[in-house]
Amino acid sequence: MKTETATRWLTDAEQCAWRTHLEVNRLLTYQLERDLQPFGLTMNDYEILVNLSESEGVRLRMSDLAAATLQSKSRLSHQITRMENADLVRRENCESDRRGLYAVLTEHGLETMKKVAPHHVASVRRHFMDLLSPEALEELHKSLQPIAEHLRGQRGKP
């Protein structure tokens with residue numbers, strides 16, 4: 001005989017917090033995307049440029065970049081093709097693994113990062129950081145940290 005556990009529906013306070021989180025996430029992503037549009041970039045483009053610019057040798061294996069950006073290898077491959085066409089990145093073969101490929105930041109990609117990063121940071125400040133007190137920001141970080149740790153541990157699990 002199968003026993004079902006009762007659904008733990010969200011309380012009014014939980015529902016309010018959850019829906020506010022979803023709305024803020026959507027609205028903030030939308031606004032940050034809009035602020036990148038004049039530079040011809042999407043948030044996915046920018047995230048890839050950041051990951052590459054912060055990596056040793058401004059390169060990452062495609063599989064590592066896919067993991068870092070939470071994209072499937074197929075989706076990342078299409079994204080990198082678009083970014084190659086814009087001369088932001090290039091692919092290079094991996095010497096130690098003939099099947100492996102690197103995504104490498106081009107000189108134009110690095111110059112684009114240097115140009116766009118100050119605008120993006122200003123956007124993040126204007127639409128997020130500057131709206132929170134230092135105490136609220138610290139509390140937000142403390143509140144989200146256990147969730148981030150839990151979700152990192154769930155990656156790759158069914």
Check: Going by the side chain to side chain donor-acceptor pair (under 3.5 Å) test, which pairs reach into residues 123-134, not counting sequence neighbours?
Finding: D35-S123, D35-R126, D35-H127, S133-E135
Notebook entry, point to check: If every non-hydrogen atom of L65 is compared with every non-hydrogen atom of A103, which pair is closest and at what distance?
Noted result: CD2-CB, 3.8 Å
Item checked: Crowding at CG, D12 (>12 non-hydrogen neighbours, <6.0 Å) -> no
Item checked: L110 vs L52 side-chain heavy atoms within contact, under 4.5 Å -> no
Next item on the list: Decide whether L70 and I147 are clustered together by the hydrophobic rule: side chain heavy atoms of Ile, Leu, Val, Met, Phe, Trp, Tyr closer than 4.5 Å, transitively.
Entry: no
Check: Where do Y102 and R59 come nearest, in terms of heavy atoms and distance?
Finding: CD1-NH1, 3.7 Å
Checklist line | For A66, side-chain contact (heavy atoms from CB on, under 4.5 Å) partners two or more places apart | finding: K73, L76
Checklist line | Candidate pair R90 and L105, rule side chain to side chain contact (heavy atoms under 4.5 Å, CB included), full reasoning | finding: CA-CA 7 Å; R90 70 177 178 274; L105 193 61; over 6 Å; no
Next item on the list: Please list, chain by chain and in numerical order, all residues satisfying side chain to side chain donor-acceptor pair (under 3.5 Å) with S77, sequence neighbours excluded.
Entry: R91
Notebook entry, point to check: Is E139 close to L132 at the side-chain level, that is, under 4.5 Å between some pair of heavy atoms?
Noted result: no
Notebook entry, point to check: Quick check: does any side chain N or O of E33 sit under 3.5 Å from a backbone N or O of T42, one acting as donor and the other as acceptor?
Noted result: no
Margin query: Hydrophobic clusters here meaning ILVMFWY residues chained together by side-chain heavy-atom distances under 4.5 Å, can you tell me if L144 and M129 are in one?
Written below: yes
Next item on the list: Mind checking the CE-CG spacing from M83 to N85? Nearest 0.5 Å is all I need.
Entry: 11.0 Å
Next item on the list: In sequence, state the C-alpha distance, the side-chain angles, and the governing distance for E92 and L101, and then conclude on side chain to side chain contact (heavy atoms under 4.5 Å, CB included).
Entry: CA-CA 6 Å; E92 288 183 0; L101 287 174; over 6 Å; no
Check: L27 and L140: same hydrophobic cluster, using ILVMFWY side-chain contacts below 4.5 Å?
Finding: no
Note to self: If hydrophobic clusters are built from ILVMFWY residues whose side chains come within less than 4.5 Å, do M43 and V50 share one?
What the structure shows: yes
Check: Roughly how far, to the nearest 0.5 Å, is the CG atom of L60 from the OG atom of S55?
Finding: 4.0 Å
Next item on the list: Output the distance between atom CG (L49) and atom CD (E54), rounded to the nearest 0.5 Å.
Entry: 11.0 Å
Next item on the list: With sequence neighbours left out, write down each residue that passes side-chain contact (heavy atoms from CB on, under 4.5 Å) with E47, or none if nothing qualifies.
Entry: N44, N51, T69
Margin query: I'd like to know if I80 and V104 are part of one continuous hydrophobic network [Ile/Leu/Val/Met/Phe/Trp/Tyr, side-chain heavy atoms within less than 4.5 Å].
Written below: no
Notebook entry, point to check: Is a donor on one side and an acceptor on the other found under 3.5 Å between the side chain of E14 and the backbone of T11?
Noted result: yes
Note to self: Set out, in order, the CA-CA distance, both residues' side-chain angles and the distance that settles side chain to side chain contact (heavy atoms under 4.5 Å, CB included) for L88 and I48, then state yes or no.
What the structure shows: CA-CA 10 Å; L88 297 168; I48 289 168; over 6 Å; no
Item checked: Test side chain to side chain donor-acceptor pair (under 3.5 Å) applied to E138 - qualifying residues, sequence neighbours left out -> none
Next item on the list: Any chance you could measure L28, atom CG, to L32, atom CG, to the nearest 0.5 Å?
Entry: 4.5 Å
Note to self: Just to verify, what does T29 make a side chain to side chain donor-acceptor pair (under 3.5 Å) with, not counting sequence neighbours?
What the structure shows: none
Item checked: Residue pairs fulfilling ring pair (Phe, Tyr, Trp, His ring centres under 6.0 Å) with at least one residue in residues 135-158, sequence neighbours excluded -> none
Item checked: Minimum-distance pair of heavy atoms, taken over all atoms of G100 and R61 -> CA-NH2, 3.8 Å
Check: Which pairs pass ring pair (Phe, Tyr, Trp, His ring centres under 6.0 Å) with one or both residues in residues 19-61, sequence neighbours excluded?
Finding: W18-H21, F39-H119, Y46-H120
Note to self: Could you work out, with side chain to side chain donor-acceptor pair (under 3.5 Å) as the rule, every residue matching R82, not counting sequence neighbours?
What the structure shows: Q79
Checklist line | Partner residues of T20 under the side-chain contact (heavy atoms from CB on, under 4.5 Å) criterion, sequence neighbours left out | finding: C16, V24
Margin query: Which heavy atom of S53 sits nearest to which heavy atom of M113, and what is that distance?
Written below: OG-CE, 3.9 Å
Item checked: Residue pairs fulfilling side chain to side chain donor-acceptor pair (under 3.5 Å) with at least one residue in residues 105-118, sequence neighbours excluded -> none
Item checked: Set of side-chain contact (heavy atoms from CB on, under 4.5 Å) partners for R8, sequence neighbours left out -> none
